[in-house]
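Each chain gets a letter, A, B and so on, in the order the sequences are listed, and its residues count up from 1. Excluded from the calculations below are hydrogen atoms, water molecules and symmetry mates; all remaining heavy atoms, backbone and side chain alike, are included.
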2 protein chains.
Amino acid sequence: MSDAQHDRDAPETARKVRTMEEFAEVSGISRPTVSKYFHDPDSVRKTTRSKIESALEQYDYRPNIFAMNQNRKATKTIGIVVPYLADPFFAEIVRKIERLCIEAGFWPIVFSAHGERSLENDALATLQSLRPIGALIAPLGRSSDFESVQQFAEEVPTVVFDSNVNVGAAFVGSDNFQSIGLMVDYLCRTGEPPCFFEMPPVNPNANKRRDAYRQAMERLGHQPQVIQVEGSGWEFERIGLEEGMRLISERSLPSDSILCSNDRLAIGLLAAAYQKGLRVGHGPGCALRIAGHDDHPWSRFTCPPLTTVSQDYTAIAERSVEMLFELIAGGAPPARRREVLFDGKLVLRASA
Amino acid sequence: MSDAQHDRDAPETARKVRTMEEFAEVSGISRPTVSKYFHDPDSVRKTTRSKIESALEQYDYRPNIFAMNQNRKATKTIGIVVPYLADPFFAEIVRKIERLCIEAGFWPIVFSAHGERSLENDALATLQSLRPIGALIAPLGRSSDFESVQQFAEEVPTVVFDSNVNVGAAFVGSDNFQSIGLMVDYLCRTGEPPCFFEMPPVNPNANKRRDAYRQAMERLGHQPQVIQVEGSGWEFERIGLEEGMRLISERSLPSDSILCSNDRLAIGLLAAAYQKGLRVGHGPGCALRIAGHDDHPWSRFTCPPLTTVSQDYTAIAERSVEMLFELIAGGAPPARRREVLFDGKLVLRASA
DNA sequence: TTTCTAATTTTACATGGGTCAACTTTCTGA
DNA sequence: TCAGAAAGTTGACCCATGTAAAATTAGAAA
C-alpha cells in the first residue's frame, strides 16, 4: 500500500516498462483490462481510462505490435497496394487513404509494385501474411497476375480502386465514359475535333478511355482518330516527349487538337511541342491544342497550364475507405460486387 | 513409415498447412530445423534444404510474420522514413532503397511524414515498436521533433540521408557546397551572375545551399543577392509560381539569371515566366535564365527543359543502404559519426 | 571400417499478449 | 439503501514461432 502510494507520488520514471504485465502493475490495473483499453479506449470506465493514460504519460509504454497481432482474430492492419508510388496520382491518393485509416484507428501499410508483376505478387503475399483486416488495392492492371490478385481478394476483404479488374467486393473509380465524353464535347465545340493520343494500355482505364473517345466522337458525327504510339513501362512523360517529337517532325498528327489518354503523356507532348517551337493553346497564333485527363498535381504548372478533366481524388479516397470499413463491419462480403464511379470535372486551363 | 511413403507419392495438396509444426511434419523435418531454414536456407544441409523446398512447392506455407518477429532478437525489418512521399525525389529514392533491402533479404517498410511533425513522430514510434534491425530516415528537418528523432536513433541503428540533422550513426547526402558552386560558376561564366531564389528553408539543405551560393558568389567577386519569398508547406511549385508571378510583375528580380533552391521551385518559376510571356533560356531573345537543383524526375520535361545539377539518387540510395548493412553487421555503432557526401553533376539543358 | 564433426532431433522453455470463464467490485437508479 | 447491471480482477490456457541444451545421427575423411 505504502509502496503504491510512494509510486504515485514519485514515479520511478527511470524504470523501463517493457511488457503489458509491468505496465498493468505500475498503472494499478489488471492486464486484461489494460489489453482491453488498447483494443478500444472507450471500452473501459472513465476512471480506469484516466488512470491508464496518466501512467502512459509517465512510462511511455507501447504494446508489442507482433505480440498484439499474433493472437488477435482481426488485426488493425489495412494494406494499401498501388502500382507505382512515384506517380503523383497514387502518391496523393495514398496520402489521403493513409490519413483516413489512421483517424479511424487502423494501421495502414503501403506497398508499391513499382510497375512490376513480380513485385505486386510479393506485396500481396507479404501483405496477406500480415493478416490485414482489409485491403485497398489499385492493381497494375494488364500486367497483374490475375490469379494472385483473385486469390488475395478471396482471403482478405478487398476494395479495388482506380483500375477495375473484376475482383474484390467493391470497386471505386472514375467514370471514364463521362469524363472523356465531357472533354470531347468541349474540344469539338471550341475547335477542330480531337484525335486521341495513347500508348499501349497498361490497365482497363486506358482501354475505357479510348473506347469512350471513339463513342463520343461518333455520337457527335466525327471520325475518331486514335494514335497509339509505342512504349512500355511507367515513364509516360518520356514516351509522350519522344513520340511527340517524332509525330510532329513527321507531320503525322491528324488533328491540331490532341486529347491524351492521361496527363503525364500530355506533359511529355507539351514538352515536345515546346521544343519543336509549336505554340500550344486555344488562343490565336496557337498551332496545337493539347488536353489531358486526371488533373495530376503537376498539370497546373505546365507551360501552358494543362486543360484536363479532374479525377476526384478526395472522393475516390474517401469512398474507397468508407466501403472498406463497411465491408469490415459487415462481416460477410455483399451478395454482389459494388461499383462506384465518380464523375470527372472539366478543368479549363490554357492548353486547350 | 508407409504413411510417410504415401505422403511423398500422393501429397494431399488440399490439406492446408497453417503452422510450422504441420509443415515440419509433412516435410519430414523437425520444426527447429525448419525454423533454421527460414532464418537462413544455407544453414541447413543440402539434402535437408531440398526436402524442405520440395515440400514448400506442394503446400505453399509461409511462416507467420508476427510469431517470427515476436521472439527473434533481431527482426528482418528495415524502416524507411521520408518527409514527403509525394515528392518524386523521395519516391524515387525509396524505390531504390526498397529494392536493395529486398535483395539483401530484409523487409523494408515505408513511412511518410506527409510534411507534418506529428506524423513523423507517429511514424518513428510505430516503427520503433516494430523493433527494426535498422532504419534509413530522411528527417523533415526544421520541423522535426529533434528529441524524438534523437531518441529513435539511440534505440535503433540509423542512417540519416538527404537532410543532415546531427543524429544517427551516419549521414549520406549531397555536397551542396560543391554542387551549388558548380552551378554558380557556370552561370557566371555564361551570363549575368545569378540571384538566388528560395523560400523559408525547410531543412539544412536549404540553408546550406543559400550559404553555398553566397560563398561562391563572393569567391567570384560578385555581390550575392538572395530573394526569399514567403510560403510554407511542401507545395513548392505553387510557391514558385505565385511568388514568381509577383516578382515578375513588380520587376523586382535583381538579375536575369535565377538560381532556384530546388527544381520544384524552379518549375513553378518557369510556369510564372511562361504565363508572363517571358522567354526562358540561354539563347538570343531570352529574357530569363532559370536553373534548379536536384535533377528531379520531371525537370527534363519542363518548357524549356531545366538546367540543373543532379543529385546522384542511385549513389545516395546504395551508399545509405550499404552503410546501414555495415552498421547492422558491425554490432556497435562506429566511434564517430560518418558523413558521406556525393558530388552533384551539372545537367545542362535549355533553361540556362 | 572407424572416427570425428557438423548437422539434426528432442525436449523444454520463452515471448508478450489475446481471450475466456468465474468471480468480485463499483456504479446507477429507483 | 439496495438490487441489478456494468466493469474490473484472477487465473488459466492459447498462439506460432524463437532458441538453447543435450542426445543422436549422418557424412566425410582417414
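Judged by distance alone, the side chain of B:Arg62 and the main-chain N or O of A:Ala125 form a donor-acceptor pair under 3.5 Å. Formation of a donor-acceptor pair under 3.5 Å by the B:Ser35 side chain with backbone atoms of B:Arg31 is not found in this model.
Straight-line distance from the CE atom of B:Met68 to the P atom of D:dT17: 9 Å, rounded to whole Å. A straight line from NZ of A:Lys36 to P of D:dT10 spans 15 Å, rounded to a whole angstrom. At whole-Å resolution of the value, OH in A:Tyr37 and P in D:dG8 are 13 Å apart. A straight line from CG of B:Asn69 to C1' of D:dT17 spans 10 Å, rounded to a whole angstrom. The distance from atom CZ of B:Arg49 to atom C1' of C:dA7 is 15 Å, rounded to the nearest whole Å. Put simply, CG on A:Asn71 is 12 Å from P on C:dG17, counting in whole angstrom units. For the pair B:Arg62 CZ and D:dT17 C1', the computed distance is 16 Å after rounding to whole Å. Atom CG of B:Asn64 and atom P of D:dT17 are 5 Å apart (whole Å).
Across all strands, A:Thr19 comes closer than 4.0 Å only to sugar-phosphate atoms, never to a base (heavy-atom distances). Using a 4.0 Å heavy-atom criterion, one finds that B:Tyr61 contacts the sugar-phosphate atoms exclusively. Counting any heavy atom pair closer than 4.0 Å across all strands shown, B:Pro32 reaches a base atom.
Comparing C:dT9, C:dT19, C:dT15 against the side chain of B:Thr33 picks out C:dT9 as the nearest. For B:Arg45, counting side-chain heavy atoms from C-beta on, the closest listed nucleotide (D:dA7, C:dT8, D:dG18) is C:dT8. The side chain of B:Arg31 approaches D:dT19 more closely than any other nucleotide in the set D:dT19, C:dT15, D:dA16.
If you find the closest nucleotide of DNA chain C to A:Thr47 and to B:Lys51, the one lying nearer the 5' end belongs to B:Lys51. Map B:Ala67 and B:Gly28 each onto its nearest nucleotide of DNA chain C; the residue landing nearer the 5' end is B:Gly28.
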- Item | From CA spacing to verdict: side-chain hydrogen bond (donor to acceptor under 3.5 Å, both in side chains), A:Glu22, A:Tyr61 | CA-CA 10 Å; A:Glu22 289 173 24; A:Tyr61 157 79; over 6 Å; no

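The aromatic rings of B:Phe38 and B:Phe23 sit tilted, their planes meeting at an angle between 30° and 60°.
Between the side chains of A:Asn64 and B:Gln70, no donor-acceptor pair of N or O atoms lies under 3.5 Å.
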